[in-house]
Amino acid sequence: MKEYLENSFDKLASKLPYLKEIELTFSVPNIASHGDLALNAAMLLAKKLKRNPREIAQEIVDNFEVDKNIIDKIEIAGPGFINFLFKPEFLANIINRINEEDESFGKSDRFKGKKALVEFVSANPTGPLTVGHGRNAVIGDTVANLLEWAGYDVEREYYFNNAGRQMRVLGDSLRLRYLQLKGEDIDFPEDYYQGQYLIDIAKKLYAENKSVDTGQSSIEFFKDFAEKEIFTEIQNTLKGIGIRFDNYFNEHTLYEDKKIDDVLNRLKESNLSYEKDNAIWFRLSELEQENDKVIVKSTGEPTYRLPDIAYHLTKFERGYDIIVDLFGSDHAATYPDVLAGVKALGYDEQKVKVLIHQFVTVLENGEVVKMSTRKANFITLDELIEKVGSDVVRYFFIMRNISSHLNFDIDLARKQSDENPVFYLQYAHARICSILRMTEEEGLKSSFQNLELLTHPSEQNLIKKMHQFKDELNVAIDQYEPQRLANYLEELAAAFHKFYTDCRIIGSGKELAEARIALVKAVKIVIKNGLTILGLTAPERM
RNA sequence: GCCCACGUAGCUCAGUGGAUAGAGCAUCGGUUUCCUAAACCGCAGGCCGCAGGUUCAAUUCCUGCCGUGGGUACCA
């Protein structure tokens with residue numbers, strides 16, 4: 001219906017040129033008596049035209065060509081709102097469309113032919129994924145799904161670093177655990193990786209081979225072994241919530257492929273770097289940043305900024321139209337430097353969309369669990385999936401605005417598992433499937449012949465809700481706000497459950513019953529598609 | 001100190017500058033001879049952190065303050 005008004009107003013603008021001066025936004029009023037869509041243009045124009053807003057509204061309405069088959073009523077209300085009320089028969093046509101388009105209802109080709117890269121998770125293989133990584137993983141995958149529905153060709157990428165100090169400590173931690181298994185009395189350093197998972201890996205190694213060389217030069221071997229085990233584990237965890245990556249990008253290849261040297265040379269040529277105190281500095285103060293920062297330490301080792309810039313250049317070179325980076329707020333400080341570098345080297349940094357999600361606070365037994373991979377004290381994503389299931393995990397991580405802190409109360413998610421919103425949505429779907437099974441037994445079919453019989457307020461409300469699906473989807477896509485879709489689906493499910501209690505199908509007369517079946521099938525499709533985008537299952541029975 | 005995000009009902013949180021600020025949970029009460037009660041209906045619950053400003057209109061935009069979290073390294 002929004003589409004219809006937008007097109008109509010495009011035409012109207014040639015008669016009333018001042019309409020071109022403002023952005024026309026049709027919004028769904030929160031009070032039903034205010035119509036189906038409202039336009040606030042008259043108020044916006046009042047000042048510009050120095051005229052009374054209600055008078056302008058009247059002029060707009062007078063010039064608007066009303067198609068009686070589509071629009072029921074136009075009203076001017078309040079300070080100058082123009083409220084449009086649509087003909088129920090017109091609105092009901094969406095039931096046909098949804099049934100026809102079926103599982104592609106909601107897909108668009110707005111960005112057809114465009115390539116997108118979504119980089120997420122990107123945890124280094126030093127331990128199992130935690131709950132915090134879980135939020136990142138689910139948001140990233142859902143954003144990728146949304147982009148796909150908007151027509152993008154999307155690649156999911158995981159960036160990692162398996163070199164450096166962190167990984168050496170990991171390797172040495174495993175070496176010491178291995179020695180402990182051999183019965184040696186080892187004083188395990190406090191700043192080493194304390195987690196049980198490394199003891200388990202040591203046990204596995206020990207079972208395979210009891211005489212591994214454990215001299216100082218063996219750290220590399222232990223590192224490799226730990227990395228391989230941990231990475232396998234990470235991939236299994238991700239598989240458990242339905243996430244797969246197209247690419248795993250190893251930071252190390254940036255060195256092998258001379259990308260790092262390349263960046264260094266280009267910065268130097270552009271006079272954006274200089275040497276001081278034996279280190280190489282990045283002249284960020286020339287790039288609207290606060291201070292210059294070190295990119296190569298006096299030890300010769302690069303700081304994280306250098307490979308990050310080199311990595312982003314490869315993203316540009318690979319020809320994506322849009323580059324999405326997702327990370328937690330603890331990394332929020334790193335990206336301005338990287339973007340400044342990218343821009344200074346001549347790339348369009350506008351293509352990079354940085355999404356920063358806030359932390360997850362995990363509560364268990366009423367207490368906040370502090371997360372640290374290094375310390376043994378963390379809850380793994382695996383444990384969480386095992387406790388509450390993949391669907392609940394995905395939904396909980398996506399149901400809130402990504403810039404809000406998220407409280408994940410494990411006891412609550414588990415204990416109230418039959419009262420949480422995930423099941424509310426899924427139950428609506430299962431209920432419809434059940435209805436369809438029953439009506440089939442009764443010999444009733446879906447029919448578009450008598451959709452005008454769907455006049456009950458609950459039916460009308462349901463139809464109008466379905467009209468909003470694409471709008472909500474577009475907002476979720478354009479604003480990178482997946483929680484929009486979750487909120488919408490809850491509203492749709494509520495509208496369905498209300499319909500279910502108000503309107504029966506079996507026993508309501510063949511014509512009405514068959515129209516209602518068509519309606520309910522459409523709802524099923526929308527819920528299913530929504531759940532699919534969110535990465536959840538749509539159960540047929542519960 | 002400085003930078004970023006957040007602050008909405010008892011709790012967890014929705015809310016593209018618009019009309020009477022919403023939902024779930026928790027509390028209390030009601031609905032099943034009938035397609036799944038994992039549902040529906042009702043009661044109650046609010047200085048939208050505080051103070052200014054912009055606007056015809058501010059929970060929404062701007063400034064300051066307070067509170068929470070994160071960042072502020074030749075750690076990533």
Side-chain angles (χ1 to χ4, degrees), chain A residues 25 27-31 33-34 38 40 43-44 46-47 52-53 77-81 83 122 124 126 161 164-166 251 276-281 290-291 293-305 307-308 328-334 336 356-359 361 396 399-409 412 416-428 430-439 441-442 444 471-472 474-475 478-479 481 483-484 486-488 490-491 493-494 496-508 513 516-517 520 541-542:
Chain A
T25 49
S27 59
V28 179
N30 31 19
I31 298 168
S33 63
H34 289 153
N40 64 353
M43 276 109 76
L44 296 176
K47 185 140 197 200
N52 181 313
F81 288 103
N83 296 332
S122 296
N124 287 339
T126 58
N161 172 16
R165 203 186 60 88
Q166 245 188 354
E251 180 184 320
K276 193 180 88 179
D277 305 332
N278 253 343
I280 299 177
W281 293 70
E290 194 75 13
N291 296 308
K293 300 267 174 69
V294 169
I295 46 173
V296 180
K297 301 187 229 174
S298 51
T299 59
E301 269 184 303
T303 66
Y304 64 88
R305 285 182 195 86
D308 271 7
S329 60
D330 55 335
H331 284 234
T334 75
I356 294 173
H357 67 86
Q358 295 296 314
F359 272 24
T361 305
F396 270 57
M399 69 198 273
R400 304 298 182 215
N401 192 315
I402 69 170
S403 61
S404 286
H405 295 256
L406 180 70
N407 275 354
F408 203 117
D409 187 329
L412 206 71
Q416 301 187 329
S417 64
D418 40 296
E419 280 174 350
N420 76 42
V422 186
F423 296 119
Y424 185 78
L425 292 183
Q426 293 184 320
Y427 180 52
R431 242 184 175 177
I432 295 171
C433 292
S434 174
I435 291 172
L436 295 177
R437 285 192 296 270
M438 301 296 282
T439 52
E441 278 176 29
E442 298 283 325
L444 293 164
D471 291 335
E472 292 292 341
N474 283 338
V475 173
D478 294 336
Q479 310 288 322
E481 292 187 351
Q483 89 282 358
R484 295 279 187 162
N487 295 150
Y488 167 78
E490 283 185 43
E491 286 172 19
F496 166 72
H497 285 308
K498 174 78 173 134
F499 160 82
Y500 179 87
T501 38
D502 290 347
C503 305
R504 297 189 53 76
I505 293 178
I506 294 170
S508 63
R516 283 179 172 167
I517 292 171
V520 144
R541 293 171 200 271
M542 283 175 78

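Labels below follow one simple rule: chain letters A, B, ... track the order of the sequence lines, proteins then strands, and each chain is numbered from 1. These values consider heavy atoms only, across backbone and side chains, with no hydrogens, waters or symmetry-generated copies.
- Comparing B:rU20, B:rC56, B:rA76 against the side chain of A:Thr334 picks out B:rA76 as the nearest.
- Whole-Å rounding puts the A:His405 NE2 to B:rU8 P distance at 12 Å.
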Scan the side chains in residues 499-506 of chain A for donor-acceptor partners under 3.5 Å anywhere in the protein, sequence neighbours excluded, and list what turns up.
unit_1, atom_1, unit_2, atom_2, d
A:Thr501, OG1, A:His497, O, 3.2
A:Thr501, OG1, A:Lys498, O, 2.9
A:Asp502, OD2, A:Ser458, OG, 2.5
A:Asp502, OD2, A:Lys498, NZ, 3.3

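- Shown here, B:rC61 forms a base pair with B:rG53; the pair counts as Watson-Crick or G-U wobble because both key distances fall under 3.5 Å.
- Judged by Watson-Crick or G-U wobble contacts below 3.5 Å, the nucleotide B:rG46 has no partner.
- Spacing between atom NZ of A:Lys293 and atom C1' of B:rA76 amounts to 14 Å, rounded to whole angstrom units.
- Residue contacts for A:Asn30: at a heavy-atom cut-off of 4.0 Å it reaches the sugar-phosphate backbone alone, with no base atom in range.
- In this structure, A:Tyr424 reaches the sugar-phosphate backbone alone: every heavy-atom distance under 4.0 Å involves primed, P, OP1 or OP2 atoms, never a base.
- Summarising the geometry, the separation between CZ on A:Phe396 and P on B:rC25 is reported as 12 Å, rounded to the nearest angstrom.
- Taking atom CG of residue A:Leu444 and atom P of nucleotide B:rC35, one finds them 15 Å apart after rounding to whole Å.
- Using a distance-only test at 3.5 Å, with no hydrogens or angles considered, a donor-acceptor pair links the side chain of A:Asn401 to the main chain of A:Ser403.
- Among the atoms of the strands shown, only primed sugar atoms or phosphate atoms (P, OP1, OP2) are found under 4.0 Å from some heavy atom of A:Lys47.
- Comparing the P positions of B:rA57 and B:rA73 gives a spacing of 45 Å, expressed to the nearest Å.
- Across all non-hydrogen atoms, the minimal contact from A:Met399 to A:Ala486 is CA-CB, 4.3 Å.
- The NE2 atom of A:His497 sits 8 Å away from the C1' atom of B:rA38 (whole-angstrom rounding).
- As judged by a 4.0 angstrom heavy-atom cut-off over every strand, A:Ala486 is placed among residues making no nucleic acid contact.
- Contact check, A:Arg400 against B:rC6: no side-chain N or O comes under 4.0 Å of OP1 or OP2.
- Rounded to an integer number of Å, the gap from CD1 of A:Ile295 to P of B:rC75 is 14 Å.
- Base orientation of B:rU32: syn, since the glycosidic angle falls within 90° of 0.
- Taking the side chain of A:Lys297 as heavy atoms from C-beta on, and the options B:rA76, B:rG70, B:rC35, the nearest nucleotide is B:rA76.
- Nucleic acid contact for A:Leu44: base, since at least one base atom lies under 4.0 Å from a heavy atom of the residue.
- For the pair A:Lys498 and B:rC40, the criterion of a side-chain N or O lying under 4.0 Å from OP1 or OP2 is not met.
- Among the atoms of the strands shown, base atoms are found under 4.0 Å from some heavy atom of A:Ser27.
- In this structure, B:rU32 makes no Watson-Crick or G-U wobble pair, since no nucleotide meets both defining distances under 3.5 angstrom.
- As judged by a 4.0 angstrom heavy-atom cut-off over every strand, A:Asn83 is placed among the base-contacting residues.
- No N or O donor and acceptor, one from the side chain of A:Asn401 and one from the base of B:rA5, sit under 3.5 Å apart.
- Across every strand in view, B:rG7 sits in a pair with B:rC66 that passes the Watson-Crick or G-U test at under 3.5 angstrom.
- Ranking B:rG15, B:rC74, B:rC35 by closeness to the A:Trp281 side chain, first place goes to B:rC74.
- Base pairing annotation: B:rA23 forms a Watson-Crick or G-U wobble pair with B:rU12, both donor-acceptor distances under 3.5 Å.
- Within the 4.0 angstrom heavy-atom criterion, no nucleotide atom of any strand lies near A:Gln426.
- Scanning for side chain to side chain donor-acceptor pair (under 3.5 Å) contacts around A:Glu472 gives an empty result, with sequence neighbours left out.
- Considering only the side chain of A:His34, B:rA19 comes nearest among B:rA5, B:rA19, B:rA76.
- Residue A:Ala38 is in base contact, counting any heavy-atom pair closer than 4.0 Å across all strands shown.
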- request: For the pair A:Phe423 and A:Met542, evaluate side chain to side chain contact (heavy atoms under 4.5 Å, CB included) and give the outcome as yes or no after the intermediate values.
  value: CA-CA 9 Å; A:Phe423 296 119; A:Met542 283 175 78; 3.7 Å; yes

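- A donor-acceptor contact shorter than 3.5 Å links the side chain of A:Thr303 to the backbone of A:Val294.
- If you take atom P in B:rU63 and the same atom in B:rU27, they sit 43 Å apart, rounded to whole Å.
- Closest of all the heavy-atom pairs between A:Ala494 and A:Tyr424 is CA-OH, 3.0 Å.
- Both A:Ile31 and A:Asn278 sit near RNA chain B, but only A:Ile31 has its closest nucleotide nearer the 5' end.
- Among the heavy atoms of the strands lying under 4.0 Å from A:Ala279 is at least one base atom, whether or not backbone atoms are also near.
- No contact: A:Cys433 has no heavy atom under 4.0 Å from any strand.
- Taking 3.5 Å as the limit, the base of B:rG18 and the side chain of A:Asn40 contain a donor-acceptor pair of atoms between them.
- Considering all non-hydrogen atoms of both residues, A:Phe496 and A:Ala428 come closest at CE2-O, 3.7 Å.
- The side chain of A:Arg504 lies closest to B:rC34, out of B:rC74, B:rA37, B:rC34.
- At a threshold of 4.0 angstrom between heavy atoms, the contacts of A:Leu406 are confined to the sugar-phosphate backbone, with no base atom among them.
- The gap from the P atom of B:rC6 to that of B:rU60 amounts to 12 Å, rounded to the nearest Å.
- The side chain of A:Phe81 approaches B:rG18 more closely than any other nucleotide in the set B:rC35, B:rG18, B:rC74.
- Taking the nucleotide of RNA chain B with the nearest heavy atom to each of A:Phe499 and A:Gln358, the more 5' of the two is matched to A:Gln358.
- Nucleic acid contact class of A:Ser298 (heavy atoms, under 4.0 Å, all strands): base.
- Note on A:Ser404: only backbone sugar-phosphate atoms sit closer than 4.0 angstrom, heavy atoms only; bases stay farther off.
- In this model, the phosphate group of B:rG15 is approached by a side-chain N or O of A:Arg484 to a distance below 4.0 Å at OP1 or OP2.
- The distance from atom OH of A:Tyr304 to atom C1' of B:rA76 is 8 Å, rounded to the nearest whole Å.
- To the nearest angstrom, C1' of B:rA38 lies 9 Å from CZ of A:Arg431.
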